[in-house]
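Everything below concerns the one structure shown next.
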Amino acid sequence: MREKIKMSDKKRAAYRTGIVVFLVVAALTAVEFYLASISGAIAVLFFIALIKAALIVRYFMHVNRLWTDEGHE
Amino acid sequence: MSVATTTLSQYRAQLRSNRLGLWLFFISELFLFGGLLISRFYLWGGTRPDLDQRLGLIVTSILLLSSFFMYLAEVGAEHENRRLFLFSLIMTALLGTAFLLGVVIFEWGGEIRPWDGAFGAILYGMTGMHALHVASGIVLILIVAYNGLRGRYTAERHWGVEACAIYWHYVDVVWIFFYPAIYLMGTVPT
Amino acid sequence: MTVLSLGIVRGLAGQLIGSALGIGVSVAVRVAMGLPLEVKEGAIVVGILVGAMGFMIGVGALTDWSKWMLGIETPLRLGPPEGKPSWTRYFGVDYSHKIIGIQYGVTSMVLLFLAGLLALTFRVELTTPGLQFLDNHTYNTIMSTHGIAMIAAMLVGVGAMANYLTPLMIGTSDMVFPRLNAFGFWINVPAALLIGTSMYVGGWDTGWTAYAPLSVNAPLGMQFVLLGVFLIGLSSILGSINVIVTVLHRRTPGMHFFRMPIFVWSVLATSIIAFSATQLIGLSFLMVSAERALGMTFFSPVLSPGAVAVGSPAGQVLLFQNLFWFYSHPAVYVFILPGLGIISELLPVFSRKPLFGYKWVALSSMAIALMGFFVWGHHMFTSGMLEGLRIPFMVTTMLIAVPTGVKFFSWIATLWGGKISLQTPMLFVLGAISIFLIGGLTGPPNGVSVSDLFLHDTYYIVGHFHAAMFGGFIFPFIAAIYYWFPKITGRMYDEGLGKLHFWLMTPGFWLQSLAMARVGLLGMRRRIADWDPGLGIETGQLMITIAGFAIGISMLIFLANLIISAVRGRVASPNPWQSRSPEFQIPSPIPEHSYAQPPVITGEPYDYAEPDSVYVSMSPASSAAD
Amino acid sequence: MKHLLAVVVLIVIVTLAVGFLLNPENLLPTLASEEGAFVDQLFSLYAFVIAFFFALIVVILLYSTIVFRRKKGDDKPGANVHGNSVLEIVWTVIPLGIVLFFAGLGAVYLKDTLKAEPDEMIVEVTASQWSWRFRYPEFGISSTELNLLNGRQVLFVFESTDVIHSFWVPEFRLKQDVVPGITTTLRLKPTLPGSYKVRCAELCGLNHAYMLAEVTVMEQAEFDAWVASEIDSGALGPPDRGAKLAGLNGCLACHSTDGTRSVGPSWRGLFGSEEILEDGSVVLVDEAYLLESILDPNLQVVEGYRPDLMPKVYGDTLSQEEIQDLIAYIRSLEN
């Protein structure tokens, strides 16, 4: 029983991470689009792309599993 | 892929190596996409072709959304929620296909042809190389879905799902850099 | 047993069928679109790629993965095939790294001999001024194919050493991805066939560098080479990923990084370059391929009317050189680092003395690998690139001399005060040092941009490059073959023939590289079919040709030695060199699974001067008691 | 100690011997430009550095293999030396200093080779497969030969019409690639009258080996006379004008005028002859055929020659009159 509650906690946390990351990345894309419509500054756009990529690499691709050795739950 | 003849500890050791191997492959591909990106700046400099901005935003959003569904699919597989897993997986494949069609039909159907100077060469080179990866990602998703339907993944053993998922996200990351480079950076020559 | 049960035969059939299918479908699509029936270059590109895929399907390199996709389990099949003679293992997909290593090695030797034969052909032509028996186009084709075939031979040779030796040296039974390993080897075969075919489908005339726009205008053979090199690059990438993961994850207990045999360090350094930078030669060749087949103007500076209509900028010629050299300079380190690793590996064994400054040697490989990424511009000093970039590239290039120097000094310090025995492998190691020294000392003048403005594209560069490749790869590769021959075959090579090989090849090579540098300084350009008798280089040219034949003959002796000794040689003891390396502590030839149980590492690898010290302990139980 | 002393003495001897052997005066062709002198200076500096490192490695290597050779039956190991951090640092830092010195010197010299003099003469160089053309805007003349004035700096401005070529006169030392799509430059000041050759140093296809041009460094009087004669050549008749055009447009790189077979058919005796075409038909070489073959060379290719080699640009780059001059020249080569 306890196991089950823990499990669903983890699941809920995972959902929350996914939604937050998705929303942030979507918002950053909108910012990019808006910035580009007023000026195509390469450095700023590149920096935003870097943040988006970092979010996906960290949270969607779980890059930390490479060194935390996390198995499949 | 899970092979039931191995023990769990063997599986985990191999899992660790598989992950590292796949990430090394990503780093390797980074040089390929990086080379394309550098070629873009080398040839286009501060200019860019006049492309349909609405189309760019739509396909980008579609790919982003597909990445979110892929994330859900992996969560589903981790927690043995088969309905969530399969539904999200199919959604990812559909959105991926929509992205591909958007690029191939609308973007490639525009005014610029591949042989039209550096604009054509780089535009088709970048989107073509990326589309190739999206297409192979869709094939991978379909294979994972086929095996998922037959219940071949468990919470302990679903490297196939994980590999497919991080590959898909990787293709998304590449587009995160390609989209501004193609659509947003620089000015359209008049 | 039928012929079709040999993987390679099925592969070749698959390649033929695939090529025909690819071309046929492309032409059919063309006709269906209402265009005239014609085989355009695009169709041939499709044919080449489908053909390569056909080979891989035919040979069986994709079988296991296809089964996985359908959820079918495929336990790793090891050991000799059932119901077939055991020699057939070498002609089909086999997952043992030792078999794959030999497959790589034999392929490398075949390419080496064919490319050498091409070199001798045009060397005869170059002996005297005027055109004797080759015309310009044939000369250019042969010279270019010699270059790229040698590059392929060396890459495959590096694969041979890395695959055969790495798992043995880190005390594990196999590479971490055996199926990927087999795939990585077999993709070389259709690639090598493409490079060979290029000579018969119009030839090509760009030299191995394939500079655009010459390569865009070159005859059809160019396309075969571009895609062939692309496939070899793919093999190189997959192979090095495999090596990196194996070294990081599969070391036997006790083998921490600074206890690895030094060769493993050099292979690791090589793999770091190969798995990343290779993508860029692949990309640059694909771009040329696309520019030829589809007219995508990456490099052509000419604007078409369509390009003007959309306001597009033109392509840029120098983009190709930047992409190309970003890989192709580090590629040189891909070849030489394993070679230098072999030198460092063998010197202590034959000097009975520790490797001088182990950590420095190990880290110098890494330094060379990492610095190699920042020097590509020195190939472009004369190209018209940004003036300001010449100086930073000159500085980075010169810095590479420092870690290379560290290796040289460590080698001679290892020799100093040793107990040196001069068996054939050691002779080739010493020969390698002396020849790599020629390559190394002729290098810095090319790195200083002012003197490079004189030396660039002369025969001096040819001399420098060949000395660096022979000293850095060919000689150590030969040393490695002699050294591990008893381990591989269980028999000893013939020492007399080995020494004859050495004494013919080494002076031959000194003569060749010094004469090459000499005629280059006098004004001989590289890659010319004919030369001007006014330059005063007749003697030099004659010497190069004579030396070339001496090397060729010595290689035939080598081949004879290998074949005869493998069949009839004296049976070798498990450890003929009293080496401390793990692979010499197990029987010869090495059993299928190498180590019965993982060896335990309890000491330093090169403590040859302390006979009581233990590096590898074969029975874990007793070592645990220590 | 005894060993060390022997080795040091040997190293000194070998360094001196090899160093003198590597003297640039023995190794390089005659020097004929001011900027090229930097190359020779560098080479004279390299000589002893290269000689020293060569001696260091080779002497120790050979000395060790001879002196420390294992005797038969001697099973004792070598000296138990694992390394020496001081030595390692020394042989890292000293070479580092040397290479940085050379890189710095190279940078200084590089700047010197780029220095412009106020009265430099501009020569516009056009390279194409497989010929060179030199234009002198100062005098309004063009030539297939490169004539230079002794002691006057030249600014070469390079353009290529097809692939990459490289401008190199070994006696002038410095070379510069000629790259399609961009303009490259090189400054040279000839210092020694004489005849030399431009040698294309970048593989440029079929006839690369023969992409040469005569270079003459002249004194003022000779140069003036040459310029005057070139200006006078404007008054030539059509065949002579055609002959000059054939050189300047690179025709002669592929078509000989003495009957030898080259990339394209020889022009000697071509006019009025009957040629067999790829499809087996026979064509009479007359003015109409020549005109068509200049404008679109791929239409009627003579048997045994490769199509697609001759550029299809002459309709645009040459005027009607110039093409007629060329045809007149080919006609004048009739047997």
Side-chain angles (χ1 to χ4, degrees), chain C residues 136-137 205-207 211 213-214 301 314 316-317 351-354 356-357 360 382-384 390-391 394-395 398-399 401-402 405-406 408-409 412 415-422 430 433-434 437 441 444-445 448-451 453-454 456-457 521-523 525 527-530 608-611, chain D residues 27-29 38-39 42-43 46 50 53-54 57-58 60-61 64-65 68-70 74 76-83 87-88 91-92 95-96 99-100 102-103 106-107 109-110 113 163-164 166 170 173-177 179-182 184 197 199 201-210:
Chain C
N136 281 341
H137 184 64
D205 56 4
T206 64
Y211 272 14
L214 187 60
Q316 298 231 21
V317 171
S351 307
R352 311 313 298 169
K353 210 175 149 267
F356 194 92
W360 290 79
T382 69
S383 71
R390 291 194 210 174
I391 290 169
M394 173 160 60
V395 175
M398 297 298 279
L399 287 179
V402 175
V406 167
F408 272 110
F409 300 130
I412 54 169
L415 283 168
W416 188 258
K419 294 273 181 192
I420 297 165
S421 49
L422 293 180
L430 297 175
I433 295 176
S434 72
L437 182 69
L441 291 176
V448 176
S449 67
V450 176
S451 39
L453 296 185
F454 174 63
H456 183 72
D457 270 341
L521 290 175
L522 287 174
R525 299 164 284 157
R527 295 170 177 155
I528 48 174
D530 188 9
Y608 285 100
E610 290 170 51
Chain D
L27 287 179
L28 306 182
F38 294 117
V39 174
L42 277 171
F43 267 90
Y46 295 148
I50 289 179
F53 283 105
F54 178 80
I57 305 289
V58 167
I60 298 183
L61 187 135
S64 307
T65 45
F68 302 124
R69 186 114 179 241
R70 186 222 298 260
D74 176 5
K76 284 201 285 293
N80 190 12
V81 184
H82 281 89
L87 258 181
E88 298 279 358
W91 65 45
T92 306
L96 183 70
V99 295
L100 285 181
F102 273 106
Y109 281 0
L110 185 64
T113 64
V163 301
I164 306 174
S166 189
R173 301 292 188 264
L174 307 188
K175 70 169 69 69
Q176 175 60 52
D177 285 5
V179 184
I182 60 175
T184 54
K197 267 184 187 149
R199 303 170 188 278
E202 179 67 53
L203 179 57
C204 56
L206 198 60
N207 264 8
H208 166 60
Y210 299 116

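Each chain gets a letter, A, B and so on, in the order the sequences are listed, and its residues count up from 1. Atoms considered below: every heavy atom in the structure, side chains included; atoms not considered: hydrogens, waters and symmetry mates.
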Check your understanding: Crowded around D:Phe68 CZ? As in, over 12 foreign heavy atoms under 6.0 Å?
Key ->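 Enclosed.
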Just verifying a value: how many Å separate [X] [atom1] and [Y] [atom2], rounded to the nearest 0.5 Å?
{"X": "C:Ile420", "Y": "D:Thr65", "atom1": "CD1", "atom2": "OG1", "result": "6.0 Å"}
{"X": "C:Ser451", "Y": "D:Leu42", "atom1": "OG", "atom2": "CG", "result": "5.0 Å"}
{"X": "C:Asn136", "Y": "D:Asn207", "atom1": "CG", "atom2": "CG", "result": "5.0 Å"}

Check whether [X] gets within reach of chain D through its side chain, its backbone, both or neither, counting any heavy atom under 4.5 Å.
{"X": "C:Pro611", "answer": "side chain"}
{"X": "C:Ala401", "answer": "side chain"}
{"X": "C:Tyr211", "answer": "side chain"}
{"X": "C:Leu437", "answer": "side chain"}

Leading residue by heavy atom contact count with chain C [cutoff under 4.5 Å; candidates [options]]:
{"options": "D:Val58, D:Leu100, D:Ile50", "result": "D:Ile50"}
{"options": "D:Gly205, D:Gly106, D:Ala209, D:Gly181", "result": "D:Ala209"}
{"options": "D:His82, D:Arg69, D:Lys76, D:Glu88", "result": "D:Glu88"}
{"options": "D:Leu87, D:Ile164, D:Leu206", "result": "D:Leu206"}
{"options": "D:Ala201, D:Cys204, D:Pro95", "result": "D:Ala201"}

Under 4.5 Å from any heavy atom of chain C - which part of [X]:
{"X": "D:Tyr46", "result": "side chain"}
{"X": "D:Val179", "result": "side chain"}
{"X": "D:Thr184", "result": "side chain"}
{"X": "D:Ile57", "result": "both"}
{"X": "D:Ile182", "result": "side chain"}

Top contributor to chain D contacts, counting heavy-atom pairs under 4.5 Å, from [options]:
{"options": "C:Gly357, C:Gly417, C:Pro301", "result": "C:Gly417"}
{"options": "C:Leu415, C:Leu441, C:Leu214", "result": "C:Leu214"}
{"options": "C:Val395, C:Val406, C:Ile433, C:Leu399", "result": "C:Val406"}
{"options": "C:Ser421, C:Pro444, C:Gly418", "result": "C:Gly418"}

Nearest heavy-atom pair of [X] and [Y]: which atoms, and what distance?
{"X": "C:Pro213", "Y": "D:Pro180", "answer": "CG-CG, 3.8 Å"}
{"X": "C:Ser383", "Y": "D:Gln176", "answer": "C-NE2, 4.0 Å"}
{"X": "D:Leu28", "Y": "C:Leu521", "answer": "CD2-CD2, 3.7 Å"}
{"X": "C:Pro354", "Y": "D:Ala79", "answer": "CD-O, 3.8 Å"}
{"X": "C:Phe454", "Y": "D:Pro170", "answer": "CE1-O, 3.6 Å"}
{"X": "D:Thr113", "Y": "C:Val450", "answer": "CG2-CG1, 4.4 Å"}

**Study point:** Sole residue of C:Trp360, C:Phe408, C:Phe356 in ring-ring contact (aromatic ring centres under 6.0 Å, His included) with D:Trp91
**Key:**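 Passing option: C:Phe356.
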Exercise for review: Apply salt bridge (Lys or Arg N to Asp or Glu O under 4.0 Å) to C:Arg525 and list each qualifying residue two or more places apart in sequence or on a separate chain.
Suggested key: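 C:Arg525: no salt bridge (Lys or Arg N to Asp or Glu O under 4.0 Å) contacts found.
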Point to revise | Pairing residues for D:Arg70 by the salt bridge (Lys or Arg N to Asp or Glu O under 4.0 Å) criterion, not counting sequence neighbours | key: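 With neighbours one apart ignored, the set is D:Asp75.
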Practice item. Give the ring-plane orientation class for D:Phe53 versus C:Phe409, where under 30° counts as parallel, over 60° as perpendicular and anything between as tilted. Key: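 Tilted, since the angle between the ring planes falls between 30° and 60°.
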Review point. Is there side-chain contact between C:Leu453 and D:Val39, with heavy atoms separated by less than 4.5 Å?
Key: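 Contact flag for C:Leu453/D:Val39 side chains = no.
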Exercise for review: Apply salt bridge (charged side-chain N to carboxylate O under 4.0 Å, His left out) to C:Lys419 and D:Asp74, showing your working.
Suggested key: CA-CA 9 Å; C:Lys419 294 273 181 192; D:Asp74 176 5; 2.9 Å; yes
Review point. Counting distance only, does the side-chain N/O of D:Lys175 pair as donor-acceptor with the main-chain N or O of C:His456 below 3.5 Å?
Key: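 A pair under 3.5 Å: yes.
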Practice item. Determine, stepwise, if the pair C:Asp205 / D:Leu203 fulfils side chain to side chain contact (heavy atoms under 4.5 Å, CB included). Key: CA-CA 8 Å; C:Asp205 56 4; D:Leu203 179 57; 5.8 Å; no
